[in-house]
Protein chains: 2
Amino acid sequence: MDDTRWLSAADQDVWRTFVTMLGALGEHMDRQLQRDSSMPYTYYEILVVLSAAPGRALRMSELAGLRGSSRSRLSHAVARLEAQGWVERRECPTDKRGSIAVLTDAGFAALAAAAPGHVNTVREAVFDRLTPEQVTALGAISAAILDGIDPDKTLPGCRELR
Amino acid sequence: MDDTRWLSAADQDVWRTFVTMLGALGEHMDRQLQRDSSMPYTYYEILVVLSAAPGRALRMSELAGLRGSSRSRLSHAVARLEAQGWVERRECPTDKRGSIAVLTDAGFAALAAAAPGHVNTVREAVFDRLTPEQVTALGAISAAILDGIDPDKTLPGCRELR
DNA sequence: GCAAGCCGATTGAGAGTTCAACTAGTAGGC
DNA sequence: GCCTACTAGTTGAACTCTCAATCGGCTTGC
């Protein structure tokens, strides 16, 4: 039963702290957005990606790829966002299977309203608490871990950190 | 509208990489446990905490505190674990309101079966990909962030990292 | 030009989480 | 003793996510 390489005590400590932080931070961000802007964090991210896209529009699969989200999840999410009037779905002219998600003006306004509070929370919870060296290290560590899980998921613009 | 202190471009990059890693890693760990041991990561953690407790038993609220989980979530989770025969609920002798979750032998066995694969995944995804310096840095960074969100949630045994 | 297979997207069921009641038991003040 | 306030834990509804199945549209080979 024991060809398993267990973690050292020090590594275990780091892991427990890391995992606890992971959970707490995720919950913290989610709660802030839900409370102040009535949207879960994942939906906020969808709006962000859409707002940065040309014409504020993206094919569903592109959106899923950029967000690292499954098609199914995105489909459910966009359905919800559409019901709220923040996103619209249009047919893709070149491929009749495809559909295109477009950020509405209301969606953009909701995003603009949510962004300051969100950025504030991020700064207070993370960047204000770390030294510049730690921030750099965090970027490199994140990129290294991400790379190991799925190289395709690494975002452009992060390569210089490796 | 703009007394918001936005993030620098470099910080934004770090944030995006970090958040993506956060999501991908969580999903990765969850998927492995679900696939190999048919339990979500959060349930695994509950079993771990219980197994380390004296008598493999804990009051619900203590368990919730140690896991950084809400009472409601834990209640649902333990109900599920009880239905699977991995945990039992007993009355608390000193406080009739309370209930005590006890890890059953079957639960311990399930945990023992799940642990090697889980530890392997953790090592491959995280520790094997980082230098010793990065591991140390990750511990310190995690502790710093955790501290800012809720000081009470910091686990014992992590203090020396700060 | 058409069959077989592939791809984009959606759907429905099942599982986990959250939030807001709600129940039942404890503790403090008088 | 008893009234109020507080605490432990549970419950149900609403919501999000996952997984597997599905459906229609593309595309390749012949």
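Within every chain, numbering begins at 1; the chains are lettered A, B, ... in the order of the sequence lines, protein sequences first and strands thereafter.
Atom P of nucleotide D:dC17 and atom CG of A:Leu74 are separated by 10 Å, given to the nearest angstrom. Remark: P of D:dC15 and CG of A:Asp30 are 15 Å apart, rounded to the nearest angstrom. Per the geometry, CZ belonging to A:Arg71 stands 20 Å off C1' belonging to D:dT16, to the nearest Å.
Within the 4.0 Å cut-off from OP1 or OP2 of D:dT10, at least one side-chain nitrogen or oxygen of B:Ser99 is found. Residue A:Arg73 places no side-chain N or O under 4.0 Å from the OP1 or OP2 atom of D:dC19. Residue A:Arg89 places at least one side-chain N or O under 4.0 Å from the OP1 or OP2 atom of C:dT10. Between B:Ser70 and C:dC19 there is no side-chain polar atom (N or O) within less than 4.0 angstrom of OP1 or OP2.
Between the side chain of B:Ser99 and the main chain of B:Arg90, no donor-acceptor pair closer than 3.5 Å is present. When atom types are taken as modelled, the side chain of B:Thr136 and the backbone of B:Pro132 share a donor-acceptor pair closer than 3.5 angstrom.
For the atom pair OG of A:Ser38 and CD of A:Gln84, the computed distance is 8.0 Å after rounding to the nearest 0.5 Å. Atom CD of residue B:Gln12 and atom CZ of residue A:Phe127 lie 9.0 Å apart, to the nearest 0.5 angstrom. In this structure, OG1 in A:Thr20 is found 10.5 Å from CZ in A:Phe18, a value given to the nearest 0.5 Å. For the atom pair OG1 (B:Thr121) and CZ (B:Arg35), the distance works out to 7.5 Å, reported to the nearest 0.5 Å.
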Between the protein and nucleotides 24-29 of chain D, are there any N/O to N/O pairs under 3.5 Å, and if so, what are the atom names and distances?
residue	atom	partner	partner atom	Å
D:dG25	N2	A:Arg97	NH1	3.1
D:dC26	OP1	A:Lys96	N	3.0

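In terms of polar N and O atoms assigned as donor or acceptor, the side chain of A:His76 comes within less than 3.5 Å of the base of C:dG12 in a complementary pairing. With hydrogens and angles ignored, a donor-acceptor pair closer than 3.5 Å exists between the side chain of A:Ser72 and the base of C:dT11.
In the region residues 31-45 of chain B, proximity to DNA chain D at under 4.0 angstrom, judged on heavy atoms, holds for B:Arg31.
Looking at the side chain of A:Arg80, the nearest of the listed nucleotides C:dA15, D:dC15, C:dT10 is D:dC15.
A search for side-chain contact (heavy atoms from CB on, under 4.5 Å) contacts involving A:Val49 returns A:Leu58, A:Leu63, A:Leu66, A:Arg67, B:Arg16, not counting sequence neighbours.
A cation-pi arrangement is present between A:Arg56 and A:Phe108 under the rule of less than 6.0 angstrom and at most 45 degrees off the ring axis.
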